[in-house]
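Notes for the one structure printed next.
Residues take their numbers from the sequence shown, with the count starting at 1. Everything numeric in this text was worked out from a predicted model, so none of it was measured. One-based numbering, in listed order, for ligands and for the atoms of each.
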Amino acid sequence: MSINFMTLPRHILEQEKKYPGATGELSALLHDLALAAKVISLEVNKAGLVDILGFTGDNNVHGEQVKKLDIYAHDMLIRAMDHGGHLCVMASEEEENIIHIPQKHKIGKYVLLFDPLDGSSNIDANVSIGTIFSIYRRISPDGTPGTLEDCLQKGVEQVAAGYIVYGSSTILVYTTGEGVFGFTLDPAFGEFLLSHDNIRIPEKARIYSINEGNYKYWRTGLKKYIKYIQAADDRDEKPYSARYIGSMVADIHRNLLYGGIFIYPADKRNPNGKLRLMYECNPMAFIVEAAGGKAIDGKNRILEIQPKELHQRVPIYIGSAEAVDMVKKFLIEDEIEEAVHSKN
Ligand code: AHM
Ligand code: MG
């Protein structure tokens, strides 16, 4: 049996050596994030005990207010990240406006965006949830407080992105654009150990992940695509398997490893889909592309969308390259057909 004893801190340092002139700031930032992830993981694992120790919103046995887990994760990330001296501004899915670095702390050159606990409707059922993060270099002048414009950069400008999935074990996956690496948290000594070296998403998908309950609101092109991947007879391949957890992090993590496509489309009720460009789609697109996959909004690359507002939503089709190309073909054909119909 071979034991790969590469810890996350060591890996981050080794990665940094590949960039001549690196100051170590990004590495330090990633360390701080990993620490926050460990603390959130501990709290997530205690979630079932909340009913015993005190309901959320109530006081627990120690007389302390028990926070909802997503708010706990949001607060924890801010507490872990605001004083490291590496950030100039933050933004969270849980807060309407940008989050400034308190004046008493050093202002750094990076920008951090995060979804503290994605899929939080799954918490009470003990289903996997996750934290997603995205890091940019600031565009405003050094030394000044970060701005909204620092946060509203295109996804291609990310310098790093990652997620932590709190599942049967806690796994942190990150990329700085070259290679995607996964680390499993060893609960015994509290360290993330390299468990998934250089993750490459299989080019062919075997799985599709979409909330099929919304079928009647979909556009025809999407309906046809889903029928196509379900059909076994007209191709030599087996039909895709349907797998949908309803936690983007867990759904995409599984598809990254096994090959698959995750879709949260625009539909008749939600013309921009549901998921957020800055906190969910951009970081996931950065990771999946670095693993050899693709991510589009139906037509264009997610990473090239110019964001207009912090909490903007965007449709997403993300996963194995061949599958994303195929769904795009179906969507475009449908659009052409509709255009022809409306002319006649
Ligand atoms: P949240 O940010 O409120 O947790 O919602 C995001 C989640 C994603 O993790 C998941 O992919 C999606 O919502 C599921 O939505 P639906 O229940 O409409 O299928
Ligand atoms: Mg979310």
Side-chain angles (χ1 to χ4, degrees), residues 36-37 40 43-44 47 56 67-78 90-96 99 112-134 151 155 161-167 171 173 207-219 222 226 242-256 260-288 293 295-298 302 307 309-319 324 327:
I40 296 169
E43 203 63 21
V44 167
T56 44
K67 285 184 191 161
K68 282 182 68 194
L69 259 186
D70 40 8
I71 302 302
Y72 175 88
H74 165 87
D75 290 348
M76 184 49 62
L77 279 159
I78 295 175
M90 290 184 266
S92 160
E93 203 201 74
E94 293 292 337
E95 189 145 334
E96 203 183 327
I99 302 162
L112 173 68
L113 284 84
F114 55 86
D115 182 351
L117 215 51
D118 184 63
S120 47
S121 66
N122 280 320
I123 295 171
D124 291 343
N126 213 5
V127 172
S128 299
I129 46 181
T131 298
I132 312 171
F133 62 88
S134 170
C151 296
Y163 60 78
I164 300 102
V165 55
Y166 311 103
I171 295 185
V173 172
I207 293 168
Y208 74 99
S209 313
I210 185 168
N211 186 342
E212 237 162 330
N214 295 329
Y215 182 85
K216 75 169 187 172
Y217 304 113
W218 294 349
R219 297 182 61 115
L222 180 58
I226 298 295
R243 295 283 185 276
Y244 190 70
I245 298 170
S247 268
M248 186 198 203
V249 177
D251 275 313
I252 291 189
H253 180 67
R254 180 203 52 237
N255 292 0
L256 196 59
I261 181 162
F262 171 92
I263 302 175
Y264 209 107
D267 66 25
K268 286 180 191 147
R269 284 183 310 178
N270 303 303
N272 298 317
K274 172 183 181 186
L275 301 176
R276 315 280 179 164
L277 176 61
M278 304 314 293
Y279 311 107
E280 290 158 338
C281 300
N282 265 339
M284 286 308 196
F286 195 62
I287 296 163
V288 168
I296 59 168
D297 65 358
I302 293 283
E309 48 187 84
L310 269 184
H311 295 275
Q312 157 174 359
R313 295 174 199 270
V314 70
I316 187 165
Y317 303 77
I318 180 169
V324 175
V327 72

Closest non-hydrogen atoms of I40 and M76, given as atom of the first, atom of the second and distance, are CG1-CG, 4.0 Å
Carefully, step by step, assess E212 and I226 under the rule side-chain contact (heavy atoms from CB on, under 4.5 Å). CA-CA 9 Å; E212 237 162 330; I226 298 295; 3.5 Å; yes
Please set out all donor-acceptor pairs under 3.5 angstrom arising from side-chain atoms of residues 261-268, sequence neighbours excluded.
from : atom 1 : to   : atom 2 : distance (Å)
D267 : OD1    : R269 : N      : 2.9
D267 : OD1    : N270 : N      : 2.8

Using only atom types and a distance under 3.5 Å, with no angle test, would you say the side chain of R313 pairs donor to acceptor with the backbone of K274? yes
Are there any N/O pairs under 3.5 Å between ligand 1 and the protein, and if so, what are their distances?
from     : atom 1 : to   : atom 2 : distance (Å)
ligand 1 : 2 (O)  : E93  : OE1    : 3.2
ligand 1 : 2 (O)  : E93  : OE2    : 3.4
ligand 1 : 2 (O)  : D118 : OD1    : 3.1
ligand 1 : 2 (O)  : E280 : OE2    : 3.2
ligand 1 : 4 (O)  : G119 : N      : 2.7
ligand 1 : 4 (O)  : S120 : N      : 3.4
ligand 1 : 9 (O)  : D118 : OD1    : 3.4
ligand 1 : 9 (O)  : D118 : OD2    : 2.5
ligand 1 : 9 (O)  : M248 : N      : 2.7
ligand 1 : 11 (O) : M248 : N      : 3.4
ligand 1 : 13 (O) : K274 : NZ     : 2.9
ligand 1 : 15 (O) : K274 : NZ     : 2.9
ligand 1 : 18 (O) : Y264 : OH     : 2.6
ligand 1 : 19 (O) : N211 : ND2    : 2.8
ligand 1 : 19 (O) : Y244 : OH     : 2.5

Of all heavy-atom pairs linking A73 and L117, the shortest is CB-CB, 4.3 Å
Test item: T131 side-chain N/O and Y163 main-chain N/O as donor-acceptor pair under 3.5 Å: no
side-chain contact (heavy atoms from CB on, under 4.5 Å) partners of A250, counting only residues at least two apart: S128, V165, I245, S247
At a cut-off of 2.8 Å, list the protein N/O/S atoms near the Mg ion (ligand 2), residue plus atom name. E93 OE2, D115 OD2, D118 OD1, E280 OE2
Taking the side chain as C-beta and beyond, is there a heavy-atom pair between R276 and N282 under 4.5 Å? no
Donor-acceptor under 3.5 Å (E95 side chain, S92 main chain): no
